[in-house]
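Structure first, then comments.
When a ligand or atom number is given, it counts from 1 through the structure's own listing order. Sequence positions, counted from 1, serve as the residue numbers for this chain. Since the structure is predicted, the reported quantities are computational estimates derived from the model, not experimental observations.
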Amino acid sequence: MKICQTETYEAMSFQTARLIAETVAEKPDCVLGLATGTTPVGAYRLLSEWCREGKLSFARVRTVNLDEYLGLSEEDPHSYHFFMQEHLFRYIDARPENLHLPCGTAADPEAACRSYEDLIASLGGIDLQLLGIGRNGHIGFNEPGVSFDSGTHIADLTESTRAANARLFEHPSDPPSRAITMGIRTILSAKRILLAASGPEKAEALERAFTGPVTEQVPASVLQRHPDVVLIADREALSGLARRGFAGP
Ligand code: PGA
């Protein structure tokens, strides 16, 4: 694993956006795996700016998002479809038909999971998968206890994850309790993984993921098995790893 330590959220966002932009420059029709959450918002803002300034084009890029809540329509402001439009897709020159998320309103969610796996395979696999990390070590909606052999599947969200996401909803009981998420196997099949993290509340999760045993109780620990992981994080998020002598300069 390569670690890139920054001082601030803004610098973490810059490094994250830069790695994504380099990937697009090297392979204009690359497949980007994208994530939602607070962490990537700054990077998406920079990518939007660079695209508007003509420094970068997503014209041939294909994207696949990690996850989507079950039961929320694309127009629901809490859906990840909506999030991606608001934070990235509406600002870039990508073709709408090349932007994919799991379907949260599928009549047959199990079939939607299978077709999402087929879609990723038909695109030729993911070149770069962007990930955040949950305080409990989740990646995507792969919560503690998930099988490392999971493909795209329906996940029951833990109370801690629903509580963490409740800040984005009007009422604490509003976050859906289920989602469609890429599985650990899906994520690990990406050629390169970019894990971004910011803030002290991520320090323990990163420490457990990268200095502890590889265990399904800490889903992100499986990243120890991937040959090309780049961790871009600010000093506070890396404080646990630094204590163990892991962090970069
Ligand atoms: P966050 O979420 O970026 O909002 O912190 C990350 C995650 O839970 O995977």
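In terms of modelled atom types and a separation under 3.5 Å, the side chain of N165 and the main chain of R162 share no donor-acceptor contact.
Only side-chain heavy atoms of R167 come within less than 4.0 Å of ligand 1; its backbone N, CA, C and O stay farther off. Only the side chain of K202 comes within 4.0 Å of ligand 1, counting heavy atoms alone; its backbone N, CA, C and O stay farther away. Here T161 has no heavy atoms under 4.0 Å from ligand 1, in either its backbone or its side chain.
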Would T8 and D234 count as a side-chain hydrogen bond (donor to acceptor under 3.5 Å, both in side chains) if you check the C-alpha gap in whole Å, the side-chain angles of each, and the deciding distance to 0.1 Å?
CA-CA 6 Å; T8 61; D234 58 25; over 6 Å; no
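Aromatic pair Y44/H87: ring centres not closer than 6.0 Å.
Nearest non-hydrogen protein atom to atom 6 (C) of ligand 1 is I133 O, 3.6 Å. Of the protein's non-hydrogen atoms, the one nearest atom 3 (O) of ligand 1 is T39 OG1, 2.5 Å. For atom 7 (C) of ligand 1, the closest non-hydrogen atom on the protein side is H138 NE2, 3.4 Å. Protein heavy atom closest to atom 4 (O) of ligand 1, with residue, atom name and distance, is T38 N, 2.9 Å.
No hydrogens or angles considered: nothing links the side chains of S147 and R185 as a donor-acceptor pair under 3.5 Å. Residues T161 and T158 bring a donor and an acceptor atom of their side chains to less than 3.5 Å of each other.
Listed by number with element, the atoms of ligand 1 under 4.0 angstrom from any heavy atom of G37 are 3 (O), 4 (O).
Considering H153, Q129, E117 in turn, E117 is the only one that fulfils the side-chain hydrogen bond (donor to acceptor under 3.5 Å, both in side chains) rule with T186.
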